[in-house]
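One structure is given below, encoded as structure tokens.
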Amino acid sequence: MHTIRVWDLPTRLFHWTLAFCVVGLLITGNVGGNWMNWHLRFGYAVLALLLFRLVWGFIGGRWSRFSSFLYAPGTIWNYLTGQTRPEHTVGHNPLGALSVFALLAVLLAQVGSGLISDDEIAFFGPLVAFVSGETVSQATSYHKNIGKFIVLGLVLLHIAAILFHKLVKKETLVLPMVLGDKAVPAPMPSTRDNWLTRCIALMVFCLCAAGVYVLVGLGQTGSY
């Protein structure tokens, strides 16, 4: 076995912060009331994190880049039929990659629809003034009745996959995402994870957060 750095620190911080914020979104959205103010804050945080991950997917460490886990349909089929490659044991395997892309897309749709949603009671998204009433109605319906259940389903599927790997395949996925290192059966290059890349990641996230702040400031701040 060879121990290599798989997940750089920015990726690990993104992962756990996103998990915390998504749980916060699900809880505050269901509780309602004054907790909707926190729902709003969690939503803005998730949007900033997603924007960061999209950028980091191109300039981040080796195994955090989309190019390292963007698999062709044939590769996915081969993986399902038991034909694995050494790199599948390092970062995201073909099925895990599908889960990652699905979760990113669904969260972007959920946050985006929240920006233009209106509960017609006390809270509304900051960008409702820029779209038609019909669009607001459709976005609100998706956000409240469809999107949140898709997010919840993907979160539960993610947890189930972690348990499957731990109990059946005897492979822990949590510890590498905490410590960054992973033992792999074949020699593989480590991801780049030094103070320079961490400083770059911090600057990227600050720019993404600033972008969200500007975006929200375009309209009257509400809650979604």
Side-chain angles (χ1 to χ4, degrees), residues 5-26 29 39-71 76 87-88 90-115 127 143 147-148 150-159 161-162 173-182 189-216 224:
R5 175 58 53 93
V6 176
W7 304 120
D8 52 57
L9 182 62
T11 299
R12 285 177 278 150
L13 290 176
F14 158 81
H15 181 276
W16 295 112
T17 306
L18 181 67
F20 174 80
C21 290
V22 168
V23 171
L25 274 177
L26 292 172
H39 188 69
L40 175 148
R41 297 182 183 111
F42 280 126
Y44 296 159
V46 168
L47 180 56
L49 287 167
L50 292 175
L51 293 177
F52 165 79
R53 188 62 182 92
L54 291 178
V55 176
W56 202 242
F58 293 97
I59 67 172
R62 176 186 177 89
W63 302 106
S64 297
R65 295 181 183 178
F66 297 137
S67 59
S68 72
F69 57 95
L70 186 61
Y71 299 103
I76 298 174
E87 60 267 25
H88 295 166
V90 185
H92 296 299
N93 62 48
L95 284 184
L98 290 178
S99 176
V100 170
F101 288 125
L103 191 57
L104 290 176
V106 167
L107 285 175
L108 282 171
Q110 186 67 0
V111 174
S113 62
L115 292 172
L127 302 183
H143 190 79
K148 71 175 183 180
I150 298 177
V151 172
L152 180 60
L154 287 177
V155 169
L156 294 176
L157 182 63
H158 188 69
I159 295 174
I162 292 174
L173 301 180
V174 175
L175 196 59
M177 191 56 75
V178 173
L179 301 179
D181 296 335
K182 184 178 183 180
S190 289
T191 197
R192 183 184 59 208
D193 187 22
N194 52 40
W195 285 108
L196 176 60
T197 58
R198 294 172 184 180
C199 288
I200 293 174
L202 179 60
M203 288 188 292
V204 170
F205 178 75
C206 288
L207 288 174
C208 292
V212 172
Y213 180 83
V214 172
L215 180 68
V216 172
Y224 60 101

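Note that these values count all heavy atoms, side chains included, but never hydrogens, waters or copies made by symmetry.
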Can you confirm whether [X] sits close enough to [Y] that some side-chain heavy atom of one is under 4.5 Å from a side-chain heavy atom of the other?
X: Arg53; Y: Phe66; value: yes
X: Thr191; Y: Thr11; value: no
X: Leu215; Y: Leu47; value: yes
X: Tyr44; Y: Phe42; value: no
X: Leu202; Y: Pro10; value: no

Worksheet item: Can you say whether the rings of Phe52 and Phe14 are parallel (under 30°), tilted (30 to 60°) or perpendicular (over 60°)?
Response: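 Judged by the thresholds at 30° and 60°, the geometry between Phe52 and Phe14 is tilted.
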Discussion item. Over 60° means perpendicular and under 30° means parallel, so tell me whether His158 and His15 are parallel, tilted or perpendicular.
Written reply: tilted
Discussion item. Given Leu50, which partner from the list Leu108, Val55, Val212 fulfils the side chain to side chain contact (heavy atoms under 4.5 Å, CB included) test?
Written reply: Leu108
Smallest separation among heavy atoms of [X] and [Y], with atom names:
X: Ala45; Y: Cys21; answer: CB-SG, 3.9 Å
X: Leu49; Y: Thr17; answer: CD1-CG2, 3.8 Å
X: Ser113; Y: His143; answer: OG-ND1, 3.1 Å

Output yes when a side-chain donor or acceptor of [X] lies under 3.5 Å from a complementary backbone atom of [Y], and no otherwise.
X: Arg12; Y: Met177; result: no
X: Lys182; Y: Val90; result: yes
X: Arg192; Y: Gly61; result: no
X: Trp56; Y: Phe205; result: no

Value rounded to 0.5 Å, distance of [atom1] in [X] from [atom2] in [Y]:
X: Phe69; Y: Glu87; atom1: CZ; atom2: CD; value: 14.0 Å
X: His92; Y: Tyr71; atom1: NE2; atom2: OH; value: 9.0 Å
X: Leu157; Y: Ile150; atom1: CG; atom2: CD1; value: 13.0 Å

Practice prompt. Test Asp8 against Ser64 for side-chain hydrogen bond (donor to acceptor under 3.5 Å, both in side chains), laying out the working first.
Written response: CA-CA 8 Å; Asp8 52 57; Ser64 297; 3.3 Å; yes
Output a table of donor-acceptor pairs, distance under 3.5 Å, between side-chain atoms of residues 93-107 and any protein atom two or more places apart or on a different chain; print 'none' if there are none.
| residue | atom | partner | partner atom | Å |
| --- | --- | --- | --- | --- |
| Asn93 | OD1 | Leu95 | N | 3.0 |
| Asn93 | OD1 | Gly96 | N | 2.7 |
| Asn93 | ND2 | Tyr79 | OH | 3.2 |

Discussion item. Pair Trp7, Asp193 - check side chain to side chain contact (heavy atoms under 4.5 Å, CB included), show working.
Written reply: CA-CA 8 Å; Trp7 304 120; Asp193 187 22; over 6 Å; no
